[in-house]
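This structure is a prediction, so every number in the text was calculated from the model and none was measured.
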Amino acid sequence: MNKTIGKPINRVDGRLKVTGEAKYSGEIPLENIAYGVIITSTIARGRIKHINTSVAEKSPGVIGIITHLDAPKLYARPNFGHEGAAGEKLAPLQNSTIYYSGQAIGVAIADTLERATYAASLVKVDYVVETPLTEMGKERDRAYPIEKFVEFTVEFALGDADAEFAKAEVKIEATYTTPTEHHNPMEPHATAAVWEGENLTVYDSTQYIFGMREGLAKMLGIPHANVRVLCKFIGGSFGCKYGLWAHTPLAAIAARQFRRPVKIVLTREQMFGLVGHRSETEQQIKLGATPEGRLTALIHQGISQTSIFDEFVETFTTTSRTMYAVPNLRTAQSVVPLNKGTPTIMRAPGESVGTFALESAMDELAWALKLDPIELRLRNYAEVHPARQVPWSSKSLKECYALAAEKFGWSRRTPEPGSMRDDRYLIGMGMASACFPMEHFPASAIARIFADGSVVVQSGSQEIGTGTATVMAQLTADMLGVPVEKVRFEFGDTELARSPGTVGSGTAASVGTAVHGAAKAVRAKVVALAQKDPNSPLYGVPEPDIETSQERIFVKNNSAKGETYQAVLARHNLEYIDANFDAKPEEEEEFAKCSFGAHFVEVRVDPELGEVRLTRVVGAFAAGRILNEKTARSQISGATIMGIGMALHEETITDPHTGRIVNDNLAEYHLPVNADIPPIDIYFIDEVDTHVNPIGVKGAGEVGITGIIAAIANAIYHATGKRIRDLPITPDKLL
Ligand code: MOS
């Protein structure tokens with residue numbers, strides 16, 4: 001039977017999603033459900049002087065209003081990256097202090113969503129208003145340096161980058177800025193809380209059910225074991241749903257207080273403020289090089305925003321420590337606390353905006369040297385990890401450059417800016433490197449073969465739309481030699497085997513290794529039963545001589561000598577047989593592990609209107625083994641589209657005087673739409689990586705959003721001769 005791994009098979013949950021049968025967290029039918037609507041602060045700094053709920057409480061259908069005056073005690077959790085899915089440390093409704101606009105200050109509960117929404121609008125709040133700190137550039141005196149963020153290196157030095165930059169023959173020194181951005185998945189955050197005695201069940205749109213369980217238990221001051229978190233389907237999620245934000249504990253306390261299930265679904269406006277964002281950044285890059293184009297110094301430093309009460313770092317210097325062979329390297333970052341919410345991870349946090357700066361600067365250097373941008377990158381190709389000086393587990397970036405350049409037709413490009421035209425339009429071609437570190441987290445799984453031959457494989461995990469359920473079924477099917485339709489992957493429930501958050505493009509590697517291990521272990525159990533059984537055709541046959549295919553186990557090269565799983569189970573009177581597996585990433589630091597790629601972009605710029613249209617994007621990526629070419633391509637093209645949004649459209653605008661977000665809706669916060677997206681061609685370079693994990697997977701998600709932004713900026717420079725170092729690249733900046 002043909003193996004399914006690598007094949008572009010359809011999503012196992014595709015039908016459920018397109019027919020509407022899939023139930024998302026806000027759609028789970030629950031008896032006697034009440035609706036919660038969060039009341040948010042309209043000021044960014046100060047405190048609540050009076051809050052009057054008396055009119056709201058008398059409004060029709062209202063069950064109750066909770067504010068800081070009567071909320072139960074909630075316990076703050078550690079900051080991001082520690083125990084639990086900490087989005088922000090702040091526990092809601094614990095006192096009258098306001099740190100940011102849009103902060104939760106109450107929740108109205110009613111029998112319908114409309115009545116709860118109306119009641120929330122009737123709550124009167126008087127504030128003591130203080131002047132908020134809202135502008136990163138103006139508050140830079142308050143910046144403080146970061147050595148390390150969670151486990152991520154930030155401050156780093158190799159050689160003497162400053163001295164070498166000072167004496168370099170060719171220099172680039174530039175500052176790049178990127179704005180605040182919001183995640184905006186189609187499905188807003190949704191949660192429904194149900195208590196039965198001391199036990200809480202939460203249906204939550206989360207990327208991390210186990211973290212949510214632990215964070216919520218800690219916040220409520222109850223044992224983990226009393227909390228169950230379920231999440232079956234997610235309508236998009238780019239990091240914001242990794243965190244635990246105010247709405248989930250608010251639903252839990254309201255459900256406990258009013259003794260009925262409570263559901264809270266955020267409004268689109270609340271998606272801007274209650275659940276994190278990508279911080280704005282101001283990044284300085286200094287590149288020193290020889291006239292031949294060899295880098296002698298690289299300095300990458302700058303600032304990003306954090307909140308008054310949390311420390312979150314947009315780790316934009318990561319790629320600068322990874323991408324190029326440079327003997328003198330220094331990275332440094334500081335954060336500026338402002339009266340804005342706590343930023344959080346958003347698709348390639350750090351690397352997306354960091355590669356905009358680094359890969360734009362490399363393009364600037366290529367122009368200064370009059371070198372082809374690919375050639376400059378090849379001259380500085382890192383054969384080992386530059387900061388750690390260890391070999392790569394695998395790296396096919398050269399092949400990515402070559403393949404994407406050929407498919408794109410890079411050779412047709414004439415180097416001079418403004419030299420390519422089509423009628424009155426300026427045509428530009430740009431490229432950039434892509435890179436994302438491989439993440440591998442501990443994960444567990446159970447595989448079970450039933451008497452009827454069907455197979456279930458389970459791991460807590462979450463399916464955020466990446467194809468997890470599909471590739472886990474494929475891994476199991478291939479290991480057991482059964483068709484993929486016979487395998488069901490069960491996930492999204494803290495009652496199942498422990499698994500990590502769906503983050504860092506690490507799920508295929510982490511959960512995949514666990515699923516692969518569990519399937520292998522259950523196969524071994526069946527084989528052992530047969531080997532020891534005189535009634536089995538496989539009696540006494542050694543394990544290495546046994547193969548599985550077509551739902552059977554049999555002797556290699558002699559498929560007639562064997563039997564079905566069903567036959568083995570039936571003879572032993574077993575309803576099912578199962579095995580679990582705990583996968584742990586190896587601690588060894590022998591290898592550096594990254595997915596790489598290259599993006600090539602063609603733009604068409606209207607010189608009179610400053611309008612940029614993308615005409616083509618071609619990318620080639622190397623990410624270890626690709627488990628499913630269709631879902632992997634979908635990940636990379638989705639990330640590419642998000643990168644197009646960052647390059648040309650997206651920007652959250654805050655009124656500096658009030659600290660209020662002024663474009664908190666999809667009309668004024670511009671996400672790319674179909675008309676903005678050109679054909680995107682994605683190619684994969686096959687890699688056999690035996691160092692990363694038994695399945696050879698590095699991860700193919702976030703790498704797609706790295707590099708693309710710079711590739712677009714570089715193409716715009718090629719078209720117009722204008723170097724835009726401030727995102728998004730809107731028409732006004734080109735006129
Ligand atoms: Mo992603 S930012 O790791 O959800």
Side-chain angles (χ1 to χ4, degrees), residues 1-17 21-22 232-233 443-493 495-497 499 502 507-527 529 546-554 562-570 574-583 625-632 693-697:
M1 189 175 56
N2 293 332
K3 299 275 183 196
T4 70
I5 291 298
K7 301 261 165 65
I9 70 163
N10 288 339
R11 287 166 189 271
V12 295
D13 51 1
R15 194 188 157 79
L16 290 175
K17 285 184 171 175
E21 257 179 273
K232 294 298 176 191
F233 293 94
S444 300
I446 296 175
R448 186 169 291 150
I449 305 174
F450 287 91
D452 69 355
S454 63
V455 177
V456 166
V457 64
Q458 302 175 324
S459 180
S461 204
Q462 305 74 211
E463 166 62 280
I464 66 171
T466 51
T468 299
T470 309
V471 300
M472 297 308 151
Q474 287 177 270
L475 282 165
T476 309
D478 283 8
M479 174 57 73
L480 296 178
V482 303
V484 76
E485 301 75 37
K486 284 249 167 160
V487 181
R488 197 169 72 244
F489 178 56
E490 293 180 348
F491 63 95
D493 185 345
E495 306 275 277
L496 299 175
S499 74
T502 300
T507 300
S510 311
V511 180
T513 299
V515 160
H516 169 88
K520 193 172 172 182
V522 75
R523 176 192 183 278
K525 273 192 176 179
V526 178
V527 166
L529 277 181
I546 295 176
E547 214 172 272
T548 54
S549 175
Q550 315 231 322
E551 303 179 57
R552 296 173 72 249
I553 51 177
F554 53 87
E563 60 179 332
T564 62
Y565 290 107
Q566 294 183 36
V568 181
L569 267 75
L574 294 170
E575 251 175 76
Y576 63 83
I577 186 163
D578 63 10
N580 71 324
F581 189 80
D582 300 318
R625 175 184 278 169
I626 299 301
L627 295 176
N628 181 323
E629 213 196 290
K630 191 172 190 176
T631 54
N693 48 52
I695 54 175
V697 168

**Student:** If we only count heavy atoms from C-beta on, is the L480 to R523 side-chain gap below 4.5 Å?
**Tutor:** yes
**Student:** Quick check: closest heavy atoms across I577 and V526, and the distance to 0.1 Å?
**Tutor:** CG2-CG2, 3.7 Å
**Student:** Does any donor atom in the side chain of Q474 or N628 lie under 3.5 Å from an acceptor atom in the other side chain?
**Tutor:** yes
**Student:** Got S459 and L496 here, is their nearest side-chain heavy-atom distance under 4.5 Å?
**Tutor:** no
**Student:** Side chains of Q462 and T502 only: does a donor on one sit below 3.5 Å from an acceptor on the other?
**Tutor:** yes
**Student:** Tell me the closest heavy-atom pair linking A443 and A514, and the distance in Å.
**Tutor:** O-CB, 3.5 Å
**Student:** Check whether any side-chain heavy atom of T631 sits under 4.5 Å from a side-chain heavy atom of R11, and report yes or no.
**Tutor:** yes
**Student:** Could you report the tightest heavy-atom contact between A473 and V487, atom names first, then the distance?
**Tutor:** CA-CG1, 3.9 Å
**Student:** Could you tell me which residues satisfy ring-ring contact (aromatic ring centres under 6.0 Å, His included) with F491, sequence neighbours excluded, listed by chain and number?
**Tutor:** F489
**Student:** What distance do I546 atom CD1 and F554 atom CZ have between them, rounded to the nearest 0.5 Å?
**Tutor:** 10.5 Å
**Student:** Using modelled atom types and a 3.5 Å cut-off, is there a donor and acceptor pairing between side-chain atoms of S444 and backbone atoms of D582?
**Tutor:** no
**Student:** Find out whether L574 and L529 are in side-chain contact, i.e. whether some heavy atom of one side chain is under 4.5 Å from a heavy atom of the other.
**Tutor:** yes
**Student:** Are a donor atom and an acceptor atom from the side chains of N10 and K630 found within less than 3.5 Å of each other?
**Tutor:** yes
**Student:** Please report the C-alpha distance between E547 and I553 in whole Å, then the side-chain angles of each, then the deciding distance to 0.1 Å, and finally whether the side-chain contact (heavy atoms from CB on, under 4.5 Å) criterion is met.
**Tutor:** CA-CA 6 Å; E547 214 172 272; I553 51 177; over 6 Å; no
**Student:** Under a 3.5 Å distance rule, please check whether D13 uses its side chain to pair with a backbone N or O of L16 as donor and acceptor.
**Tutor:** no
**Student:** What are the two closest non-hydrogen atoms of F450 and V456, and how far apart are they?
**Tutor:** CE1-CG2, 3.7 Å
**Student:** Over all heavy atoms of both residues, which pair between A477 and V484 is shortest? Give the atoms and the distance, please.
**Tutor:** CB-CA, 3.7 Å
**Student:** Before you tell me yes or no, could you show the steps for K232 and E463 under side-chain contact (heavy atoms from CB on, under 4.5 Å), namely the whole-Å CA-CA distance, both residues' side-chain angles and the distance that decides it to 0.1 Å?
**Tutor:** CA-CA 7 Å; K232 294 298 176 191; E463 166 62 280; over 6 Å; no
**Student:** Checking D478 side chain against T4 main chain: does a donor-acceptor pair fall under 3.5 Å?
**Tutor:** yes
**Student:** What's the separation between atom CD1 in I446 and atom CD in E490, rounded to the nearest 0.5 Å?
**Tutor:** 10.5 Å
**Student:** Mind checking whether V455 and Y565 have side chains closer than 4.5 Å, heavy atoms only?
**Tutor:** no
**Student:** Just how far is it from atom OG of S454 to atom CD of E551, taken to the nearest 0.5 Å?
**Tutor:** 9.5 Å
**Student:** With side chains defined as the heavy atoms from C-beta onward, is the minimum distance between V457 and R448 less than 4.5 Å?
**Tutor:** no
**Student:** Could you measure the distance from the CE atom of M479 to the OG1 atom of T548? Nearest 0.5 Å is fine.
**Tutor:** 7.5 Å
**Student:** Would you call K7 and E629 a salt bridge, taking side-chain N to carboxylate O under 4.0 Å as the test?
**Tutor:** no
**Student:** Using residues 464-472 as the side-chain source, report each donor-acceptor pair under 3.5 Å to any protein atom, sequence neighbours left out, with the distance given to one decimal.
**Tutor:**
residue : atom : partner : partner atom : Å
T466    : OG1  : T468    : OG1          : 3.0
T470    : OG1  : V12     : N            : 3.0

**Student:** Less than 4.5 Å apart, any side-chain heavy atom of I695 and any of L475?
**Tutor:** yes
**Student:** Can you name the closest pair of heavy atoms from V522 and D578 and give their distance?
**Tutor:** CG2-CA, 3.7 Å
